[in-house]
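Only one structure is covered here, and it is reproduced in the block below.
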Amino acid sequence: MDSTNVPLQPPTFGNLITVLSIDGGGIRGLIPGTILNFLESELQKLDGEDARIADYFDVIAGTSTGGLVTAMLTAPNENNRPLFSAKDIKDFYLDHSPKIFPQKRFGRSLAIEKIVNALMGPKYDGKYLHQLVKEKLGDTKLSQTLTNVVIPAFDIKLLQPTIFSSYEVKNKPDLNAAVSDICISTSAAPTYLPAHYFKTQNVATGKVREFNLVDGGVAANNPTLLAMGEVTKEALKGNPDFFAIRVTDYSRFLVISLGTGSPKDEMKYTSEKAAKWGLLQWLTAGGSTPIIDVFSHASSDMVDFHLSVVFKALHCEQNYLRIQDDTLNGVISSVDIATKKNLNDLVEVGEKLLKKPVSRVNLETGVVQPRDSETNEQALIRFAKVLSTERRLRHSKSPHGKDAAASI
């Protein structure tokens with residue numbers, strides 16, 4: 001096969017539109033990180049050790065911690081290759097999470113300290129995260145990522161989502177922000193990390209745009225549908241990179257959507273308890289932040305439910321793979337308890353998740369259930385083969401792909 005240094009050719013030369021999506025979830029980003037490491041290793045078996053995730057997907061979407069992973073996989077290094085391989089994600093989280101989310105020793109005053117923190121400001125100052133992201137990503141702009149990306153945030157001044165999309169930046173230059181600022185913004189979970197302010201300037205007009213942003217999970221904790229919407233808009237505009245596509249023709253999409261885990265049933269909240277909660281309990285009950293948990297999981301699950309319905313209706317369920325663990329128990333379900341043990345346990349969750357059967361939403365009950373004899377690991381092996389074949393097909397049909405490959 002031609003070298004993976006040759007860019008992925010447009011979907012119009014192939015059969016599919018390939019989408020990767022990664023949920024938000026703080027330190028639980030280790031779970032999709034482990035899944036991505038497996039997928040990339042399978043692609044390398046097929047196409048060589050230089051193969052990277054960004055070589056195979058038309059668009060990679062990520063929210064919050066998923067946005068950070070998206071940037072790691074798509075930001076270019078000095079050789080115009082991805083800054084991080086998928087196998088680097090685990091070490092990144094293990095090394096830096098304890099400094100991003102330093103664990104305090106409260107002793108007997110834990111409850112009072114938590115209440116004061118919840119009332120007085122975000123739980124963490126974000127300084128280490130900001131410094132780290134700027135150091136790793138440098139001055140890379142949204143327009144420079146190695147494949148298309150979609151990363152949501154929420155503008156609290158405008159009270160509306162801000163979608164940083166490689167597709168939109170062509171028409172809206174003021175969205176061409178530094179990827180570091182985008183990552184800091186989409187990760188700024190209310191009560192956990194501070195909101196992020198920055199501004200961009202349109203080079204052509206000189207006009208300045210201000211951003212007042214918080215966590216993308218406010219808009220789309222599961223950004224799968226958002227990514228597919230961005231692609232569909234381009235197709236409807238007549239973008240020549242895309243074959244003719246009907247508004248609801250999801251059968252041409254190949255989608256991998258990675259969750260970051262959720263608590264099992266007995267760990268979730270009950271109306272009996274919540275009926276008595278005031279502001280403080282919604283911010284601190286159960287050692288977590290219930291109000292954040294509620295909207296983030298609701299957002300993720302509604303997207304999965306919608307896509308499950310659509311892919312089933314179009315008889316192409318095999319094109320949609322959602323990998324999620326809803327059995328997390330205790331501190332492992334937290335987004336910020338970055339102890340060495342908990343971080344290693346999350347890696348183990350990801351490894352065990354690979355061995356579990358593929359699960360799908362029961363459209364009658366809304367409950368995610370094992371529905372297949374195929375494991376997540378086997379499904380990823382199957383998807384890797386399809387991705388590799390699609391890439392080869394595009395390069396064989398595209399004159400640019402042939403020319404680029406021949407020049408190497």
Side-chain angles (χ1 to χ4, degrees), residues 22-38 40-41 62 64-73 83-111 113-114 117-118 122-137 183-184 187-189 191-194 215 217 258-264 267 284 286-289 292-293 296 323-356:
I22 310 160
D23 286 13
I27 58 170
R28 299 200 311 261
L30 274 163
I31 297 174
T34 302
I35 305 298
L36 289 169
N37 183 26
F38 179 82
E40 190 170 88
S41 68
S64 194
T65 198
L68 178 57
V69 172
T70 296
M72 293 167 68
L73 295 173
L83 190 61
F84 289 82
S85 66
K87 69 179 180 181
D88 297 327
I89 295 172
K90 180 179 82 170
D91 287 340
F92 179 89
Y93 275 80
L94 293 178
D95 292 343
H96 298 293
S97 294
K99 299 172 186 175
I100 297 171
F101 303 113
Q103 302 301 293
K104 298 179 181 179
R105 298 185 179 276
F106 293 102
R108 294 165 65 180
S109 62
L110 172 61
E113 192 79 22
K114 283 176 62 178
N117 285 344
K123 194 172 181 180
Y124 307 98
D125 62 24
K127 292 180 180 179
Y128 183 85
L129 174 63
H130 297 188
Q131 178 184 349
L132 175 68
V133 169
K134 289 182 179 295
E135 175 189 322
K136 297 294 183 183
L137 299 176
C183 285
I184 292 168
S187 301
T191 76
Y192 287 97
L193 289 163
D215 191 346
L258 303 180
T260 56
S262 65
K264 63 183 182 181
M267 291 298 298
T284 63
S288 183
T289 309
I292 304 295
D293 293 342
S296 63
I323 300 181
Q324 172 73 311
D325 191 318
D326 59 357
T327 64
L328 301 187
N329 187 10
V331 296
I332 203 169
S333 66
S334 77
V335 298
D336 67 325
I337 301 182
T339 62
K340 183 176 181 180
K341 180 182 184 307
N342 199 37
L343 294 172
N344 286 325
D345 286 346
L346 285 167
V347 174
E348 187 176 343
V349 168
E351 292 170 346
K352 289 182 177 178
L353 187 54
L354 286 167
K355 305 295 183 183
K356 292 183 177 181

Side-chain contact test, heavy atoms from C-beta onward, threshold under 4.5 Å: evaluate it for [X] versus [Y] and give yes or no.
X	Y	value
T191	K123	no
C183	L137	yes
I27	T65	no
F92	V69	no
L36	K87	no
L73	L83	no
N344	K340	yes

How far does [atom1] of [X] sit from [atom2] of [Y], to the nearest 0.5 angstrom?
X	Y	atom1	atom2	result
I184	L193	CD1	CG	10.0 Å
R28	D23	CZ	CG	9.0 Å
I100	L129	CD1	CG	5.0 Å
E348	L353	CD	CG	12.5 Å
I35	E40	CD1	CD	13.5 Å

### Message
Side chains of Y124 and D336: any donor to acceptor distance under 3.5 Å?
### Response
yes

#### Entry: Donor + acceptor pair across side chains of S85, D88 (<3.5 Å)
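Looking only at side-chain atoms, D88 and S85 do form a donor-acceptor pair, the distance falling under 3.5 Å.
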
### Message
Pair N37, I89 - check side-chain contact (heavy atoms from CB on, under 4.5 Å), show working.
### Response
CA-CA 8 Å; N37 183 26; I89 295 172; over 6 Å; no

### Query
Within the side chain of S333, is there an N or O that forms a donor-acceptor pair under 3.5 Å with the backbone of G330?
yes

### Query
Between K356 and D325, is there a salt bridge with N-O shorter than 4.0 Å?
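Yes, D325 and K356 are salt-bridged.
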
#### Entry: Set of ring pair (Phe, Tyr, Trp, His ring centres under 6.0 Å) partners for F38, sequence neighbours left out
none

For [X] and [Y], work out which heavy atoms get closest and say how close.
X	Y	result
D215	S64	OD1-CB, 3.4 Å
Y93	G26	CE2-O, 3.8 Å
Q103	I337	OE1-CA, 3.6 Å
S97	A338	O-CB, 3.6 Å
L30	L343	CD1-O, 3.4 Å
T260	G24	OG1-O, 2.7 Å

### Query
Once the angle between the rings of H96 and Y128 is folded into 0 to 90°, is it parallel (under 30°), tilted (30 to 60°) or perpendicular (over 60°)?
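Judged by the thresholds at 30° and 60°, the geometry between H96 and Y128 is tilted.
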
### salt bridge (charged side-chain N to carboxylate O under 4.0 Å, His left out) pairs, two or more places apart, involving residues 127-137
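The answer is K134-D181.
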
### Task
Could you point out which residue of L94, I31, T34 forms a side-chain contact (heavy atoms from CB on, under 4.5 Å) with L346?
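Per the side-chain contact (heavy atoms from CB on, under 4.5 Å) rule, the option paired with L346 is I31, out of L94, I31, T34.
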
